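A note on names: the letters A, B, ... follow the listed sequences, proteins ahead of strands, and every chain is numbered from 1. Everything numeric in this text was worked out from a predicted model, so none of it was measured.
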Protein chains: 2
Amino acid sequence: MGIIERKEREKEQRRNDIVDAAERVFLRKGFENTTVDDVAAEAELSKGTVYLYFKSKDELHYAINLRAMQKLNKIIRGVYDEKKDVVVNLEAMGNVFIKFAEEFRIYFEAILHFNSKSLANIEPCMTHDLLSDESPISFLVELIDKGKSKGEIRSDMNSILIVELLWSQIMGVLQFVFYKQELFKMFNITSEQVLTGLFEILKNGVRKSLEK
Amino acid sequence: MGIIERKEREKEQRRNDIVDAAERVFLRKGFENTTVDDVAAEAELSKGTVYLYFKSKDELHYAINLRAMQKLNKIIRGVYDEKKDVVVNLEAMGNVFIKFAEEFRIYFEAILHFNSKSLANIEPCMTHDLLSDESPISFLVELIDKGKSKGEIRSDMNSILIVELLWSQIMGVLQFVFYKQELFKMFNITSEQVLTGLFEILKNGVRKSLEK
DNA sequence: CCAAATTATGACTGTTAGTCATTTTTTATT
DNA sequence: AATAAAAAATGACTAACAGTCATAATTTGG
């Protein structure tokens, strides 16, 4: 009786089709200016049907965010090179994150969007997703632990704390660069300078005594 | 001919009254859940009148953001102690920023709100405001310059860049703590630990060799 | 071929930002 | 004090959009 399974698959497929349509509209009209009607039209479905597959607009947004995190996760894990130092690996991961943000604008926008949303307002599953293997967090914690045992990373700070600090600092800077571009242009500061500077601070801090 | 001036003052006063009313409603209902009708009712004015003084809801929000930045600015400048090291001053400023965020929740929410908005969508004056003496930015740039000449701060990085990096990193972490509290609770990480950790990273980075 | 279950529809509701013709109040002039 | 002109205030109205639900179309299993 594979009918139930097939139906299950078809339902999954339709959900995916809607998310695909949403991505296309977002790409055309931007994340914030897209209405549910737009998405329904693009998916060649009625609005009611969209609401059959997603409880709310936010949940549709969240589906994109999930895809984004999964892609980012793969990319970050993909550059890991166990022969290299942990700190070198971290920097490489930071760099592919930047590349990811440039290449998959919509995905990055989705991540930014949920970065400034309270967990309380979103599906409770978000907390779970953030910590699952679909997210880079768990992998990064392991990496930091490895760095500690190799004597590369300070061991007087909780690994989870380190990862969340690094993550939120990078997100903070990317958000600033993304939303306040004009400010940097005004001072002839390029995105590259900002990001090089960020990694420099993250690695070495601002103290003169630590200047290379 | 003081009539025009008096009218000017009255207009200013009314604008202020509306912002005062808005603050009260925000405190009751939260920043995001407040409608313009709510604000008008609280100010005992019609909605149309509110729109006479503010072009849009966003501009009303922005007025709160301005007040918030002015208050923060005063507080940050207030703790400056020229006898102390620049890095010590920076840390003290970071700490009063945290206290500010706790004490003036609405103001902090307003700052967070505009932190994740594109400059392009807001009044063009925002860029100006961000750099004026009403904002802590210009003061911090001077402080970093002083740190450089005293040999405390690395001089191989543009001072504006340093300030914007520090600012956006701190905002990133505060945003994360604010919106993702549940995550920290789950790992028994307190806000204090996060912020101590942040300052530690900002000062020293994550390298073992720099561990105190 | 039919009835039950599933899936899809789009007209409808509710909410809220923003507008504008009209009214009320204030100012300047006689 | 009476009146015309200017300024300020009003609230009913529009437009846009998220979300709902009674009804219709389609699929399934007998």
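Between the axis at the start and the axis at the end of the helix from dC1(C)-dG30(D) to dT30(C)-dA1(D) there is an angle of 10°, using five pairs per end and rounding to 10 degrees.
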Q: Indicate for each nucleotide in nucleotides 14-19 of chain D, in 5' to 3' sequence, whether protein heavy atoms under 4.0 Å reach the base (B), only the sugar-phosphate (S), or nothing (-).
A: ---SBB

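Every side-chain contact (heavy atoms from CB on, under 4.5 Å) that R15(B) has, sequence neighbours left out, goes to Y53(B), F54(B), E59(B), A63(B). With sequence neighbours excluded, no residue forms a side-chain hydrogen bond (donor to acceptor under 3.5 Å, both in side chains) with N158(B). Not counting sequence neighbours, the partners of F104(A) by the ring pair (Phe, Tyr, Trp, His ring centres under 6.0 Å) test are F100(A). For the side-chain hydrogen bond (donor to acceptor under 3.5 Å, both in side chains) test, residues two or more places apart in sequence or in another chain that qualify with R24(A) are E42(A). For T196(B), there are no side-chain hydrogen bond (donor to acceptor under 3.5 Å, both in side chains) partners two or more places apart in sequence or in a different chain. Every residue two or more places apart in sequence or in another chain that forms a ring pair (Phe, Tyr, Trp, His ring centres under 6.0 Å) with Y80(A) is listed here: F139(A).
Nearest-nucleotide mapping onto DNA chain C: of E10(B) and G48(B), the residue sitting toward the 5' end is G48(B).
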Report each atom pair, protein N/O against N/O of nucleotides 6-8 of chain C, whose distance is under 3.5 angstrom.
from: dT6(C); atom 1: O3'; to: K7(A); atom 2: NZ; distance (Å): 3.4
from: dA8(C); atom 1: OP1; to: R14(A); atom 2: NH1; distance (Å): 2.4
from: dA8(C); atom 1: OP2; to: Y53(A); atom 2: OH; distance (Å): 2.8

Please produce a list of atom pairs where a protein N or O lies less than 3.5 Å from an N or O of nucleotides 22-26 of chain D.
none

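Computed from coordinates, the E8(B) CD to dA7(D) P distance equals 12 Å when rounded to whole Å. For F54(B) and dG18(C), the CZ to P distance is 13 Å, given to the nearest whole Å.
Taking every heavy atom of both residues into account, G30(B) and T34(B) meet most closely at O-OG1, 2.8 Å. Minimum heavy-atom separation, D145(A) to S159(A): OD1-OG, 2.6 Å. For D133(B) against N73(B), the heavy-atom pair with the smallest separation is O-ND2, 2.8 Å.
Screening residues 64-77 of chain A for salt bridge (Lys or Arg N to Asp or Glu O under 4.0 Å), with sequence neighbours left out, gives D20(A)-R67(A), E23(A)-R67(A).
The aromatic rings of F31(A) and H113(A) sit tilted relative to each other, their planes meeting at an angle between 30° and 60°.
Remark: E10(B) CD is packed, more than 12 non-hydrogen atoms of other residues, nucleotides or ligands lying under 6.0 Å away.
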Solution key, residues 178-186 of chain A side-chain donor-acceptor pairs under 3.5 Å, sequence neighbours excluded:
from: K180(A); atom 1: NZ; to: F114(B); atom 2: O; distance (Å): 3.0
from: K180(A); atom 1: NZ; to: N115(B); atom 2: O; distance (Å): 3.3
from: K180(A); atom 1: NZ; to: K117(B); atom 2: O; distance (Å): 3.2

